[in-house]
Amino acid sequence: MVTPVTPVVADPAAPNLRCTYTHVVQSTWLGGYQAEFTVDNLGPDAAAPWQATFVLSGGGHVKTTWPGPFTQSGSSVKLSGAAWNRDLYAKWFAKTGLTVAYTGSVFPSPSDVKLNGVACTEHSGPVTR
């Protein structure tokens, strides 16, 4: 009896991406803050459509985002583009505003940031666009 072999094929949807991100707290209040989260697609492929995911530890809970939608399950947050910016081409960036509720004395920062499943590094130094 011959057992059929299923070939392993690379995921054609897996992009060849490199990315960085920034998370800047813009204002704070008792129990929350407003921040700007930006992901830069350094290329060479487009993230079409784009989706950024990250972990928000420390009890942080995203309340609102703009301009695109979000979901949160536990500490895992998923952002995506709005209809007019759903594709993130090489050398482009997507900027999302968000409000976060939290309890504690340290603002939770995102970790394990990914763009379409590809790990991003935190941008260091001045941001020029």
Side-chain angles (χ1 to χ4, degrees):
M1 172 184 250
V2 176
T3 304
V5 176
T6 304
V8 176
V9 179
D11 181 0
N16 184 16
L17 299 173
R18 289 182 19 256
C19 53
T20 61
Y21 73 93
T22 57
H23 177 259
V24 179
V25 174
Q26 297 178 316
S27 62
T28 64
W29 55 89
L30 184 60
Y33 67 88
Q34 178 179 322
E36 181 179 272
F37 178 83
T38 304
V39 63
D40 291 272
N41 179 2
L42 304 177
D45 290 348
W50 72 269
Q51 183 176 82
T53 58
F54 58 85
V55 173
L56 191 60
S57 59
H61 185 76
V62 176
K63 301 303 268 179
T64 59
T65 62
W66 60 94
F70 81 98
T71 59
Q72 183 168 357
S73 177
S75 61
S76 298
V77 178
K78 191 181 300 183
L79 303 172
S80 54
W84 56 271
N85 75 339
R86 67 179 228 112
D87 296 339
L88 186 56
Y89 298 102
K91 311 300 181 196
W92 284 24
F93 64 92
K95 188 178 293 188
T96 302
L98 47 108
T99 56
V100 177
Y102 75 100
T103 56
S105 58
V106 178
F107 300 123
S109 294
S111 61
D112 194 25
V113 176
K114 294 179 182 173
L115 175 62
N116 288 23
V118 175
C120 300
T121 58
E122 187 169 7
H123 183 85
S124 60
V127 176
T128 56
R129 294 192 167 82

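Here, residue 1 is the first one in the sequence, and each next residue gets the next number. Note that the structure is a prediction, hence the values are computed from the model and not measured.
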Next on the checklist: Please evaluate residues Lys78 and Gln72 with respect to the criterion side chain to side chain contact (heavy atoms under 4.5 Å, CB included), reporting the C-alpha separation (whole Å), side-chain torsions for both, the decisive distance (0.1 Å), and the verdict.
Outcome noted: CA-CA 6 Å; Lys78 191 181 300 183; Gln72 183 168 357; over 6 Å; no

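- Applying the disulfide (SG to SG under 2.5 Å) definition to pairs two or more places apart or across chains, those involving residues 17-89 are Cys19-Cys120.
- Linking ILVMFWY side-chain heavy atoms closer than 4.5 Å, directly or via other members, places Phe37 and Tyr102 in a single hydrophobic cluster.
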Carefully, step by step, assess Leu115 and Tyr21 under the rule side chain to side chain contact (heavy atoms under 4.5 Å, CB included). CA-CA 9 Å; Leu115 175 62; Tyr21 73 93; over 6 Å; no

Hey, can you pull the donor-acceptor pairs under 3.5 Å for the side chains in residues 81-92, sequence neighbours left out?
from, atom 1, to, atom 2, distance (Å)
Asn85, OD1, Ala82, N, 2.6
Asp87, OD2, Tyr89, OH, 3.4
Lys91, NZ, Leu42, O, 2.8

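- When atom types are taken as modelled, the side chain of Asp40 and the backbone of Phe93 share no donor-acceptor pair closer than 3.5 angstrom.
- Tyr33 has its side chain out of reach of Ser27: every pair of non-hydrogen atoms, C-beta onward, lies at least 4.5 Å apart.
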Worked verdict on Thr53 versus Val113 for side chain to side chain contact (heavy atoms under 4.5 Å, CB included):
CA-CA 6 Å; Thr53 58; Val113 176; over 6 Å; no

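- Residues Phe54 and Lys114 fail the side-chain proximity criterion, which asks for heavy atoms closer than 4.5 Å.
- The CD atom of Gln26 lies 5.5 Å from the CD atom of Gln34; values are rounded to the nearest 0.5 Å.
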Please tabulate, for the side chains in residues 56-70, all donor-acceptor contacts under 3.5 angstrom to protein atoms that are two or more places apart in sequence or on a different chain.
from, atom 1, to, atom 2, distance (Å)
Thr64, OG1, Thr99, OG1, 2.5
Thr65, OG1, Gly68, O, 2.7

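- The two residues Asp45 and Leu17 make their nearest non-hydrogen contact at O-CD2, 3.1 Å.
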